[in-house]
> 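So that we are looking at the same thing, I have put the structure below in structure tokens.
In what follows, residues are counted from 1 in the order of the sequence shown.
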Amino acid sequence: MIVESTVHHEPDAGRLLPAPPGPDVHRLAREVVAALTRCGTLGTTTPDTALRGELTAVVRVCLRWMLQRLRGECPPPRLDRLRSAAAGWARDGVAIGTVLHAAHQGLKAGLELLIPRAGQVPGTDIATAITASVELLALITSTVSKTYVRELKSATAEHHTDVHTVTSALLGGHTATAMAREASVPIADRYFVLALAVPAHPDENDPRLDRQVVARRKLRRLQSALATRLDRQALPLLSVDGGTILVPADSCTDTEIDDLVRDLSAATCVAITATVVTADAADIPGATRQAHELLDIVEQFGLEARVHRFTELALEYQLTRPGAGRARLDRLLDPLDDHRELLHTLQTYVDTNRNRTRTARQLNVHPNTVDYRMQRIGELTGLDPTNTRSWWYLYSALVARRSRASAIA
């Protein structure tokens with residue numbers, strides 16, 4: 001956005017800057033670039049010939065714009081040469097702060113050449129020079145900022161597409177090496193395969209807000225935190241309610257996976273639940289399937305929102321596999337089908353880690369009632385909850401029953 005001139009009065013002869021006509025723009029541009037080099041704005045080393053030539057061309061364009069403005073002419077509202085150069089700087093990784101700092105220093109050097117040296121532009125007053133300087137600086141800042149944002153969006157979109165392609169190939173069991181080489185996305189030898197469940201943000205249930213917009217913002221925060229935390233090394237395939245993340249095993253330790261999920265939860269302001277399995281790149285499809293099966297178990301049992309591993313859920317995982325054993329275990333609880341309060345008590349007893357007091361509190365009954373119900377469960381099923389062997393059968397039967405109910409749902 002260009003700042004409009006606020007100076008409309010006739011120049012005051014007492015404030016006019018005397019100047020010889022026809023400033024040498026090419027010479028002035030070279031002097032400005034030399035000044036930028038001397039003060040270290042362009043780095044500790046002298047720019048190469050190509051960079052110096054490009055920078056000098058940009059400075060010439062800006063000087064011509066300034067001279068036209070000082071003469072009372074209407075310079076173009078765009079600086080196409082600067083925009084083209086800024087796009088190249090953005091792609092080359094030059095920080096936008098460096099470019100804007102150079103713009104300020106360059107304008108300062110240019111003004112010192114134009115004004116203090118007896119003024120190169122005849123008939124120009126100081127107020128007009130100040131206003132023109134502000135306008136030019138605003139135009140430079142706007143041009144550079146918009147160009148950098150556009151290039152960043154383009155690079156991000158391209159990187160996101162490449163990552164999505166490579167991740168999909170790995171999850172599908174396809175060879176992604178050639179694809180990764182072309183897309184500049186490195187493939188690790190071994191990965192942490194994370195399955196994520198991302199719950200709804202409280203604002204998603206606010207009727208005054210657009211649920212989809214809130215959910216997308218949550219997803220963007222998740223993706224941004226992941227990219228920042230792992231410096232874009234992770235390969236995610238995510239939606240607003242979860243998904244899969246492939247984390248190179250050499251980018252963090254097993255313990256740091258817990259820290260990563262906590263950071264993602266903090267960034268999204270929701271409690272994320274995750275399961276993790278480690279696998280070689282070639283074994284990712286099977287590991288992904290296992291990680292999501294473990295996540296299903298975690299959600300079925302309402303376990304806490306954190307990272308869960310196979311070693312914690314090996315028994316439950318095995319018991320939920322389809323087969324004659326699961327069906328036989330499931331049938332052990334058939335006698336409780338007509339006694340829903342007993343089945344609910346057993347489920348609560350398991351969820352509270354066999355704590356009768358907490359079970360009673362959750363069921364809003366007396367602890368003695370819990371004892372009575374557990375005794376009735378033993379009588380109906382033939383499995384005494386106080387006997388260790390019988391208890392494991394009861395627990396296993398409940399796991400199988402929950403698994404079947406989840407499959408039907």
Side-chain angles (χ1 to χ4, degrees), residues 155-156 158-198 219-239 241-268 271-299 303-321:
T156 301
E158 182 178 350
H159 179 76
H160 179 74
T161 300
D162 290 342
V163 168
H164 186 279
T165 301
V166 173
T167 306
S168 298
L170 286 171
L171 293 176
H174 304 295
T175 303
T177 305
M179 210 178 312
R181 192 182 304 115
E182 293 176 7
S184 300
V185 178
I187 297 294
D189 295 328
R190 194 165 178 79
Y191 284 90
F192 292 109
V193 181
L194 275 73
L196 262 64
V198 182
L219 176 58
R220 284 196 295 271
R221 289 195 297 270
L222 172 59
Q223 293 169 330
S224 176
L226 180 63
T228 301
R229 184 72 164 70
L230 293 176
D231 193 24
R232 295 185 179 274
Q233 296 183 68
L235 302 177
L237 201 60
L238 299 166
S239 67
D241 55 4
T244 306
I245 302 175
L246 305 180
V247 179
D250 58 0
S251 66
C252 64
T253 65
D254 183 68
T255 302
E256 289 172 337
I257 290 294
D258 297 82
D259 298 332
L260 171 64
V261 172
R262 280 192 289 267
D263 288 346
L264 298 181
S265 294
T268 55
I272 295 176
T273 302
T275 53
V276 61
V277 176
T278 309
D280 293 336
D283 300 327
I284 283 177
T288 303
R289 185 166 51 253
Q290 187 180 75
H292 280 277
E293 288 171 347
L294 290 173
L295 185 60
D296 289 340
I297 294 173
V298 170
E299 293 186 304
L303 302 182
E304 64 178 308
R306 60 174 178 83
V307 179
H308 297 266
R309 293 169 172 78
F310 185 81
T311 50
E312 307 170 41
L313 302 166
L315 174 64
E316 290 81 356
Y317 180 83
Q318 194 60 42
L319 291 173
T320 55
R321 299 308 89 196

> Not counting sequence neighbours, which residues clear side chain to side chain contact (heavy atoms under 4.5 Å, CB included) with S251? List them please.
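For S251, the residues satisfying side chain to side chain contact (heavy atoms under 4.5 Å, CB included) (neighbours in sequence not counted) are L230, Q233, V247, P248.
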> To the nearest 0.5 Å, tell me how far E316 CD sits from D296 CG.
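The distance works out to 13.5 Å.
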> Closest approach of G242 and V198, non-hydrogen atoms and distance?
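Distance-wise, the nearest heavy atoms are CA-CG2, 3.8 Å.
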> I'd like to check the side chain to side chain donor-acceptor pair (under 3.5 Å) partners of D259; sequence neighbours left out, ordered by chain and number.
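Once residues adjacent in sequence are excluded, the partners of D259 under the side chain to side chain donor-acceptor pair (under 3.5 Å) criterion are R262.
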> Just to verify, what does L303 make a side chain to side chain contact (heavy atoms under 4.5 Å, CB included) with, not counting sequence neighbours?
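Result, side chain to side chain contact (heavy atoms under 4.5 Å, CB included) vs L303: V298, F301, H308, L313.
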> R221: what forms a side chain to side chain donor-acceptor pair (under 3.5 Å) with it, not counting sequence neighbours?
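Testing R221 for side chain to side chain donor-acceptor pair (under 3.5 Å), a comparison that skips the adjacent residues, returns none.
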> Roughly how far apart are T288 OG1 and L170 CG, rounded to 0.5 Å?
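Taking OG1 in T288 and CG in L170, the distance rounds to 9.0 Å.
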> Go through it in stages, so that I can follow the logic: the residues are V276 and V261, the test is side chain to side chain contact (heavy atoms under 4.5 Å, CB included), and I'd like the CA-CA distance, side-chain angles, deciding distance and then a yes or no.
CA-CA 11 Å; V276 61; V261 172; over 6 Å; no
> Taking side chain to side chain contact (heavy atoms under 4.5 Å, CB included) as the definition, give me every residue that meets it alongside T253, ordered by chain and number, with sequence neighbours left out.
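Listed in chain order: T255, E256.
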> Quick one: salt bridge (charged side-chain N to carboxylate O under 4.0 Å, His left out) partners of E312, sequence neighbours excluded?
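Applying salt bridge (charged side-chain N to carboxylate O under 4.0 Å, His left out) to E312 gives R306.
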> When you compare the side chain of T244 with that of H292, does any pair of heavy atoms fall below 4.5 Å?
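Yes; the side chains approach each other to less than 4.5 Å.
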> Test of understanding: with side chain to side chain contact (heavy atoms under 4.5 Å, CB included), list the residues that count as partners of T268, not counting sequence neighbours.
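Side chain to side chain contact (heavy atoms under 4.5 Å, CB included) list for T268, sorted by chain: K218, L222, V270, I272.
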> Return the minimal non-hydrogen interatomic distance between S239 and D241, and the atom names on each side.
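Heavy atoms only, the tightest pair is OG-OD1, 2.5 Å.
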> Please examine the side chains of T275 and I297, heavy atoms only from C-beta on, and report whether any two atoms are closer than 4.5 Å.
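SC-SC contact between I297 and T275 ruled out.
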> Any side-chain heavy-atom pair from D258 and R309 closer than 4.5 angstrom?
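Counting from C-beta outward, D258 and R309 do come under 4.5 Å.
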> Give, for atom OG1 of T278 and atom CZ of F310, the distance between the pair rounded to the nearest 0.5 Å.
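These two atoms lie 12.0 Å from each other.
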> When the side chains of residues 189-196 are checked against the rest of the protein, which donor-acceptor pairs come out under 3.5 Å, sequence neighbours left out?
unit_1, atom_1, unit_2, atom_2, d
R190, NH1, D280, OD1, 2.6
Y191, OH, A188, N, 2.9

> Starting at CG of L171, measure out to CG of L237 and round the result to the nearest 0.5 Å.
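These two atoms lie 6.0 Å from each other.
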> What distance separates E304 CD from T273 OG1, expressed to the nearest 0.5 Å?
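Reported to 0.5 Å precision, the distance equals 9.0 Å.
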> Please identify each residue that fulfils salt bridge (charged side-chain N to carboxylate O under 4.0 Å, His left out) with D250, with sequence neighbours left out.
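Result, salt bridge (charged side-chain N to carboxylate O under 4.0 Å, His left out) vs D250: none returned.
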> Using the side chain to side chain donor-acceptor pair (under 3.5 Å) criterion, which residues pair with R321? Sequence neighbours excluded.
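In terms of side chain to side chain donor-acceptor pair (under 3.5 Å), with neighbours along the sequence ignored, R321 is linked to E293.
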> Applying side chain to side chain donor-acceptor pair (under 3.5 Å), name anything that partners T311, two or more places apart in sequence or on another chain.
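Residues passing side chain to side chain donor-acceptor pair (under 3.5 Å) with T311: none at all.
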> Atom CG in L226, atom CG in D231: separation rounded to 0.5 Å?
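Between L226 CG and D231 CG, I get 11.0 Å after rounding to 0.5 Å.
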